[in-house]
Asks: 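Quick one: the structure is below, questions incoming.
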Amino acid sequence: MNRPYTLIAELTYRCPLACGYCSNPVDYGGRTPLDTAAWRRIFREAEELGIVQLNLTGGEPLLRDDLAPLITEARRVDLYVNLITSGIPLDRNRVARLRDAGLDAVQLSWQSTDPDECNELAGMAVYDRKLAAAQWIVESGLLLTLNVVLHRRNLHRVNEMISLAETLGAHRLELANVQYAGWALVNRLALLPTREQLDRARAAAEAARSRLGGRMDILFVTPDWYADVPRPCMDGWGRRFIVVAPDGAVLPCHAAQTIPGLPLDYATSRSLTDIWEHSELFNLFRGEEWMPSPCRTCERRAIDYGGCRCQAFHLTGDLAATDPACRWSPAHSLVQQARLDADRLASEPLIQPRLLKNVS
Ligand code: SF4
Ligand code: FES
């Protein structure tokens, strides 16, 4: 059995922003969040399990008052600590405190290079605050990655995004197309780009990558709905990642909470090692026994592991189905139809996840 490499700690699902592609569950609420002591214990258990990297995320992790002490504990047990944030709410002193607590790197989300569009996509005035946050992060000496979620509203701005990242002094730019789970699936018709948009954006990213010659990393993640074979989502179910949700549910994938009826285990009642090795949930899709045809005999089965389980469930109702993003899936016509719709239909308005304001 593989050892996990990364712990994704979803410290809270609360968030001041309301992005229409949020991957948080659409109906989460009312559950008690883990306290500081529980998270500290989870970090120690992660180190015992051999985990190397900790991603602190949410929702918005900056909404937790105990973020600095949590980082201190993570560093004490030798985890590499990466903060994934919208940059709101933040100020220069807090950046310095988080760095002094042991933070290694920050991934700052960015909605658009156009201030009005950025604010509209985020559901509040964030653009100027993000500019300030990026400046404080770089001047504090922390490594800055700019994370841009791409979709049909902002794909034409890839060159502007690259210029912005260079100007801000980012060491890495992640241009990741929306993954259709959570709110993004609700908003599919507003977000799915056309093939032409996608090809132009990818070419712009490739040109910049050779121009910059390694001075700034640029990652461009193609949406698997246009790739014809799926991505190895989460690098395979229960292979490299452990996600802990705000209430302590331990998951192989951040979107697994969107699948009803899964046998959940909680970090409050079992150790991470016990859950990783023995829980029913983590073992559901390990190995190849569970695979349906055509995955079972496909030469890519050790590359993509049959694709994304959450996508398979949300599109077909069957958690063990071949991912419909795959051209050999019996349900691939669903994805083909979505691509045709993206080319044919006018963009729909985005529904923003206001519901998430009141959750833990
Ligand atoms: Fe991957 Fe299964 Fe498609 Fe083969 S058939 S490419 S293993 S999803
Ligand atoms: Fe859950 Fe892909 S999003 S397995």
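Counting convention: from 1, in listed order, for ligands and their atoms alike.
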Asks: When you compare the side chain of Thr145 with that of Ile84, does any pair of heavy atoms fall below 4.5 Å?
Replies: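 No. Closest side-chain heavy atoms not under 4.5 Å.
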Asks: Between Arg94 and Asp91, does any side-chain N to carboxylate O distance fall below 4.0 Å?
Replies: no
Asks: List ligand 2 atoms under 4.0 Å from Arg309, heavy atoms only on the residue side.
Replies: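 With Arg309 as reference, the close atoms of ligand 2 come out as 4 (S).
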Asks: Within the 4.0 Å heavy-atom shell around Trp328, which atoms of ligand 1 are there?
Replies: 3 (Fe), 6 (S)
Asks: From atom 1 (Fe) of ligand 2, work out which of Ala312, Cys253, Gly236, Cys233 has a heavy atom at the shortest distance.
Replies: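 Shortest heavy-atom distance from atom 1 (Fe) of ligand 2: Cys253.
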Asks: Tell me whether ligand 1 is touched by Thr322 - counting only heavy atoms on the residue side and a distance under 4.0 Å.
Replies: yes
Asks: Can Trp276 and Glu45 be counted as having a side-chain donor-acceptor contact under 3.5 angstrom?
Replies: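 Glu45 and Trp276 do not have a side-chain donor-acceptor pair below 3.5 Å.
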Asks: Let me check your reading of the structure: within less than 2.8 Å of atom 1 (Fe) of ligand 1, is there an N/O/S atom from Asp323?
Replies: no
Asks: Which residue, Leu62, Ile137, Thr72, forms the side-chain contact (heavy atoms from CB on, under 4.5 Å) with Leu98?
Replies: Leu62
Asks: What atoms of ligand 1 come within less than 4.0 Å of a heavy atom belonging to Cys326?
Replies: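 In order of number, 3 (Fe), 5 (S), 6 (S), 8 (S).
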Asks: Is it the case that Arg195 places NZ or CZ above or below the six-membered ring of Tyr226, under 6.0 angstrom from the centre and within 45 degrees of the axis?
Replies: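 Because its charged atom misses either the 6.0 Å distance or the 45° angle limit, Arg195 does not stack over Tyr226.
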Asks: Using a strict 4.0 Å cut-off to heavy atoms of Cys310, name the atoms of ligand 2 that fall inside it.
Replies: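 Listed by number with element: 1 (Fe), 3 (S), 4 (S).
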Asks: In terms of atom number and element, which parts of ligand 2 are under 4.0 angstrom from non-hydrogen atoms of Cys308?
Replies: 2 (Fe), 3 (S), 4 (S)
Asks: Show the atoms of ligand 1 that are less than 4.0 angstrom away from any heavy atom in Pro294.
Replies: 5 (S)
Asks: Suppose I only count heavy atoms of Arg301 and a 4.0 Å limit; which atoms of ligand 1 are within that range?
Replies: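 Contacts of ligand 1 toward Arg301, numbered from 1: 7 (S).
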Asks: For ligand 1, which atoms have a heavy atom of Pro230 less than 4.0 angstrom away?
Replies: 8 (S)
Asks: Flag the pair Arg44 and Glu47 as a salt bridge only when some basic side-chain nitrogen lies within less than 4.0 angstrom of an acidic carboxylate oxygen.
Replies: no
Asks: Mark up the atoms of ligand 1 that fall under 4.0 Å of a heavy atom belonging to Arg300, in ascending order.
Replies: 6 (S), 7 (S)
Asks: Quick one: which of Arg231, Arg286, Arg239 gives a side chain to side chain donor-acceptor pair (under 3.5 Å) with Tyr305?
Replies: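 Among the candidates, only Arg239 passes.
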Asks: Select one of side chain, backbone, both or neither to describe which atoms of Ser329 lie under 4.0 Å from any atom of ligand 1, heavy atoms only.
Replies: neither
Asks: Can you find a side-chain donor-acceptor pair between Gln107 and Asn82 that sits under 3.5 Å?
Replies: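 Looking only at side-chain atoms, Asn82 and Gln107 do form a donor-acceptor pair, the distance falling under 3.5 Å.
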Asks: Would Asp114 and Arg153 pass as an ion pair if we require N to O under 4.0 Å?
Replies: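 Salt bridge absent between Asp114 and Arg153.
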Asks: Return the residue, atom name and 0.1 Å-rounded distance of the protein heavy atom closest to atom 2 (Fe) of ligand 1.
Replies: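 Looking at atom 2 (Fe) of ligand 1, the protein heavy atom closest to it is Cys295 SG, 2.4 Å.
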Asks: For the residue pair Lys130 and Ser86, establish whether any side-chain heavy-atom pair is separated by less than 4.5 Å.
Replies: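 A side-chain contact exists here, since the closest heavy-atom pair is under 4.5 Å.
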Asks: Should you measure from each heavy atom of Gln179, which atoms of ligand 2 turn up under 4.0 Å away?
Replies: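 Answer, ordered by atom number: 2 (Fe), 3 (S).
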Asks: Quick one, Thr85 with Glu60, criterion side-chain hydrogen bond (donor to acceptor under 3.5 Å, both in side chains). Give me CA distance, side-chain angles, the key distance, then yes/no.
Replies: CA-CA 6 Å; Thr85 177; Glu60 178 46 68; 2.8 Å; yes
Asks: So which protein heavy atom does atom 4 (Fe) of ligand 1 come closest to, and at what separation?
Replies: Cys298 SG, 2.4 Å
Asks: Starting from atom 7 (S) of ligand 1, locate the nearest protein heavy atom and write down its residue, its atom name and how far away it is, to 0.1 Å.
Replies: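 Protein heavy atom with the smallest distance to atom 7 (S) of ligand 1: Asp304 OD1, 3.3 Å.
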